[in-house]
Undergrad: 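Questions regarding the structure given below will be posed in turn.
Keep in mind that the numbers below use all heavy atoms, side chains included, and drop hydrogens, waters and symmetry copies. Sequential numbering from 1 along the given sequence is applied to the chain's residues. Whatever order the structure lists them in is the order used to number ligands and atoms, beginning at 1.
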Amino acid sequence: MTFRDQVIWVTGASSGIGAALAPLLAAAGARLILSARRPRLLDQIRADCAGENVHVRTLPLDLEDLDSLAAKAKEAETMFGRIDGIVHAAGIGQRGVAAETDFDVDCRLMVINHLGPVAITKAVLPGMLARGAGRFTVVSSIAGLVGPPRRSGYAASKHALHGFFGSLRAELVGTGVKVTMVCPGYVDTGFAETALTPDGTPMGRDGPTRRGISVYECARRICRAMEYDERQVLIGGREVLAAYLQRLAPGLLARLMPRLSPP
Ligand SMILES: NC(=O)c1ccc[n+]([C@@H]2O[C@H](COP(=O)([O-])OP(=O)(O)OC[C@H]3O[C@@H](n4cnc5c(N)ncnc54)[C@H](OP(=O)(O)O)[C@@H]3O)[C@@H](O)[C@H]2O)c1
């Protein structure tokens with residue numbers, strides 16, 4: 001696919017992976033709608049995209065407000081008359097063992113990381129089906145393929161994305177609407193800082209993500225996966241090997257996992 005004149009809606013565009021993707025997609029000719037909760041940061045990212053024939057709009061939203069998302073999707077569709085693709089990059093992390101984590105934290109992770117993207121997907125899908133073209137690019141995680149410690153709610157929410165979008169992909173065969181699953185390992189963003197601790201407060205400090213690959217490298221790989229219509233892409237350093245071990249040697253992975261997944 002080519003990005004020229006494609007209308008692409010990027011969630012999680014106020015920071016990290018979504019924010020790094022926006023200028024790349026804009027430079028490649030896409031028309032962008034940028035979403036997240038913080039409007040000022042979205043305006044900043046829109047300014048970073050500036051250039052000749054660049055069209056970028058912002059649409060602040062909160063994925064936790066599930067009831068608002070269908071209306072947000074309608075608003076997004078009116079901005080450029082259609083949505084050709086969505087990059088679901090918004091998400092929140094977790095640090096804390098399951099035995100000590102409030103159930104409310106599990107619910108929030110499921111809403112923000114899974115149900116919010118599902119609600120948006122269902123709202124834009126009819127338009128894509130009517131036009132016979134579209135793409136959902138879903139930023140999952142290696143934790144969507146394996147179960148690392150201290151991330152039970154996060155891993156559950158990311159595994160749920162694979163279940164939903166795997167079934168959706170099967171239903172979309174022959175419609176022109178495609179699904180690309182993106183599974184990063186560690187990417188150098190502030191993701192760990194906002195990770196929910198057992199009582200729901202943010203962790204407030206950096207974690208192993210800061211030792212990960214650069215966010216620009218990750219964004220470039222995501223663009224390539226979209227361009228080449230990749231079904232699923234693993235992005236990162238050695239930690240992505242966990243996804244292969246899960247299939248080839250699950251017993252070995254279970255023994256190694258505590259060491260592979262630092263706090
Ligand atoms: N960094 C990594 O190592 C890594 C590894 C694997 C997967 N991932 C995945 O990559 C995606 C992006 O993470 P990142 O590393 O770029 O971290 P990030 O910089 O913290 O980005 C998270 C984005 O999600 C948005 N967001 C969070 N809660 C939201 C809500 N309730 N409603 C709407 N937007 C919300 C944030 O914006 P606001 O705060 O402005 O709302 C922000 O734009 C996530 O889905 C994450 O699971 C990251």
Side-chain angles (χ1 to χ4, degrees), residues 9-22 33-46 58-69 72-73 76 86-95 105 107-117 119-120 137-146 148 151 153-162 165 181-196 200 202-219 221-222 232-240 242-243 261-262:
W9 184 7
V10 182
T11 72
S14 63
S15 65
I17 296 170
L21 268 171
I33 300 163
L34 306 180
S35 287
R37 287 167 302 179
R38 293 169 291 176
R40 272 201 204 144
L41 285 181
L42 291 176
D43 287 341
Q44 215 172 297
I45 303 303
R46 179 172 58 177
T58 62
L59 180 61
L61 59 78
D62 185 348
L63 287 170
E64 266 192 277
D65 186 1
L66 288 177
D67 291 341
S68 72
L69 297 178
K72 290 286 179 184
I86 292 193
V87 181
H88 287 299
I92 194 152
Q94 179 195 16
R95 288 298 184 282
V105 170
C107 294
R108 289 190 65 200
L109 287 159
M110 206 46 112
V111 168
I112 297 167
N113 292 349
H114 176 62
L115 292 175
I120 288 177
T137 304
V138 185
V139 183
S140 171
S141 170
I142 294 297
L145 303 172
V146 308
R151 292 156 176 82
Y154 177 72
S157 67
K158 294 295 188 179
H159 274 70
L161 288 174
H162 287 266
F165 283 96
M181 298 302 293
V182 177
C183 304
Y186 296 130
V187 183
D188 183 5
T189 71
F191 188 58
E193 278 176 49
T194 56
L196 301 179
M203 187 160 83
R205 63 178 166 79
D206 276 336
T209 55
R210 287 297 187 194
R211 299 198 295 272
I213 63 164
S214 99
V215 70
Y216 303 104
E217 174 60 18
C218 179
R221 289 285 292 109
I222 293 174
Q232 178 163 291
V233 59
L234 310 185
I235 303 173
R238 275 183 309 179
E239 69 280 2
V240 305
S261 186

Undergrad: For ligand 1, is there an N or O atom under 3.5 Å from any N or O atom of R38?
TA: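 For ligand 1, there is an N or O atom that lies under 3.5 Å from one belonging to R38.
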Undergrad: State, yes or no, whether a side-chain contact exists between V87 and V182 at a heavy-atom distance under 4.5 Å.
TA: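 Side chain of V87 against side chain of V182, heavy atoms only: no contact under 4.5 Å found.
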Undergrad: Where do S140 and F165 land on the side-chain contact (heavy atoms from CB on, under 4.5 Å) test, with the steps shown first?
TA: CA-CA 11 Å; S140 171; F165 283 96; over 6 Å; no
Undergrad: Which protein heavy atom lies closest to atom 47 (O) of ligand 1, and at what distance to 0.1 Å?
TA: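 Among all protein heavy atoms, the one nearest atom 47 (O) of ligand 1 is Y154 OH, 2.6 Å.
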Undergrad: Of all the heavy atoms in L41, does at least one lie under 4.0 Å from an atom in ligand 1?
TA: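 L41 does not count as a contact of ligand 1 under the 4.0 Å cut-off.
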Undergrad: Among all protein heavy atoms, pick out the one at the shortest distance from atom 28 (N) of ligand 1; state its residue, atom name and that distance to 0.1 Å.
TA: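 Going atom by atom, the protein heavy atom closest to atom 28 (N) of ligand 1 ends up being R37 NH2, 3.3 Å.
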Undergrad: For atom 26 (N) of ligand 1, what is the closest protein heavy atom, and at what distance to 0.1 Å?
TA: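 The closest heavy atom on the protein side is A90 CB, 4.1 Å.
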Undergrad: For ligand 1, which atoms, with element, lie under 4.0 Å from some heavy atom of G16?
TA: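 Result: 16 (O), 19 (O).
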Undergrad: What residue and atom, counting heavy atoms only, is the protein's closest point to atom 7 (C) of ligand 1, and at what distance?
TA: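 Here the nearest protein heavy atom works out to S140 O, 3.2 Å.
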Undergrad: Tell me which one of A192, S15, G91, G185 gets a heavy atom nearest to atom 4 (C) of ligand 1.
TA: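 The nearest heavy atom belongs to G185.
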Undergrad: Please report which non-hydrogen protein atom sits nearest to atom 12 (C) of ligand 1, along with the residue it belongs to and the distance in Å to one decimal place.
TA: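 Of the protein heavy atoms, A89 O, 3.0 Å lies nearest.
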Undergrad: Mind listing the closest non-hydrogen atom pair of A243 and L145 along with its distance?
TA: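 Looking at all heavy atoms of both residues, the shortest contact is CB-CD1, 3.9 Å.
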Undergrad: Hey, does the side chain of T11 reach the backbone of A90 with a donor-acceptor pair shorter than 3.5 angstrom?
TA: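 Such a contact is found between T11 side chain and A90 backbone.
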Undergrad: I'd like to check whether V187 has a polar contact with ligand 1, where a contact means an N/O of the residue lying under 3.5 Å from an N/O of the ligand.
TA: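 There is such a contact, yes.
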Undergrad: Residues in side-chain hydrogen bond (donor to acceptor under 3.5 Å, both in side chains) with D206, at least two apart?
TA: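 Residues passing side-chain hydrogen bond (donor to acceptor under 3.5 Å, both in side chains) with D206: R210.
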Undergrad: Taking ring-ring contact (aromatic ring centres under 6.0 Å, His included) as the definition, give me every residue that meets it alongside Y186, ordered by chain and number, with sequence neighbours left out.
TA: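 Applying ring-ring contact (aromatic ring centres under 6.0 Å, His included) to Y186 gives none.
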Undergrad: Hey, which atoms in ligand 1 end up nearer than 4.0 Å to a heavy atom of V139?
TA: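 The atoms of ligand 1 under 4.0 Å from a heavy atom of V139 are 9 (C), 10 (O), 11 (C), 45 (O).
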Undergrad: Mind checking whether E193 and M203 have side chains closer than 4.5 Å, heavy atoms only?
TA: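 The answer is no, as the side chains (C-beta and beyond) never meet within the 4.5 Å cut-off.
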Undergrad: Consider every N or O of T189 and every N or O of ligand 1, then say whether any pair is closer than 3.5 Å.
TA: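 N/O-N/O distance below 3.5 Å exists for this pair.
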Undergrad: Give the residue, atom name and distance (to 0.1 Å) of the protein heavy atom nearest atom 33 (C) of ligand 1.
TA: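 In this structure, atom 33 (C) of ligand 1 has L61 O, 3.5 Å as its nearest protein heavy atom.
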Undergrad: Compare every heavy atom of L69 with every heavy atom of A119, then report the nearest pair and how far apart it is.
TA: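 Smallest interatomic distance, heavy atoms only, reads CB-CD1, 4.0 Å.
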Undergrad: Below the 3.5 angstrom mark, is there an N/O of L63, backbone or side chain, next to an N/O of ligand 1?
TA: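 Right, the criterion is met.
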Undergrad: When only distance counts, is S14 in polar contact with ligand 1, meaning an N/O pair under 3.5 Å?
TA: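 Between S14 and ligand 1, an N or O pair is found under 3.5 Å apart.
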Undergrad: Has K158 got a side-chain atom pairing as donor or acceptor with V146's backbone, closer than 3.5 angstrom?
TA: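 Not at all, since once roles are kept as given, no pair shorter than 3.5 Å links the two residues.
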Undergrad: Of the side chain and backbone of H88, name the one, both, or neither that has a heavy atom under 4.0 Å from an atom of ligand 1.
TA: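 It is neither; nothing of H88 touches ligand 1.
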Undergrad: Considering all heavy atoms of both residues, which atom of S15 and which atom of R38 are nearest to each other, and what is their separation?
TA: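 What the structure gives for the nearest pair is OG-NH2, 3.5 Å.
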Undergrad: Determine the minimum heavy-atom distance between F191 and I92, stating which atoms define it.
TA: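 So the two residues come closest at CZ-C, 3.5 Å.
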Undergrad: Below the 3.5 angstrom mark, is there an N/O of G18, backbone or side chain, next to an N/O of ligand 1?
TA: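 Checking ligand 1 against G18, no N or O pair falls under 3.5 Å apart.
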Undergrad: Using a strict cut-off of 4.0 Å, indicate which atoms of ligand 1 neighbour a heavy atom of Y186.
TA: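 Once the distances to Y186 are compared, the set is 3 (O).
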Undergrad: Starting from atom 17 (O) of ligand 1, locate the nearest protein heavy atom and write down its residue, its atom name and how far away it is, to 0.1 Å.
TA: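 Closest protein heavy atom to atom 17 (O) of ligand 1: F191 CD1, 3.2 Å.
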Undergrad: Looking at L34 and A22, what are the two nearest heavy atoms and their distance?
TA: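 Nearest pair, atom of L34 first, then A22: CD2-CB, 3.9 Å.
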Undergrad: Closest non-hydrogen protein atom to atom 16 (O) of ligand 1, residue and atom name please, with distance?
TA: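 The closest heavy atom on the protein side is I17 N, 2.7 Å.
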Undergrad: With a 4.0 Å cut-off on N to O distance, would you call R40 and D43 a salt bridge?
TA: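 No, R40 and D43 are not salt-bridged.
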Undergrad: How does S35 reach ligand 1, by side chain, by backbone, by both or by neither, if only non-hydrogen atoms under 4.0 Å count?
TA: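 Within the 4.0 Å criterion, S35 makes no contact with ligand 1.
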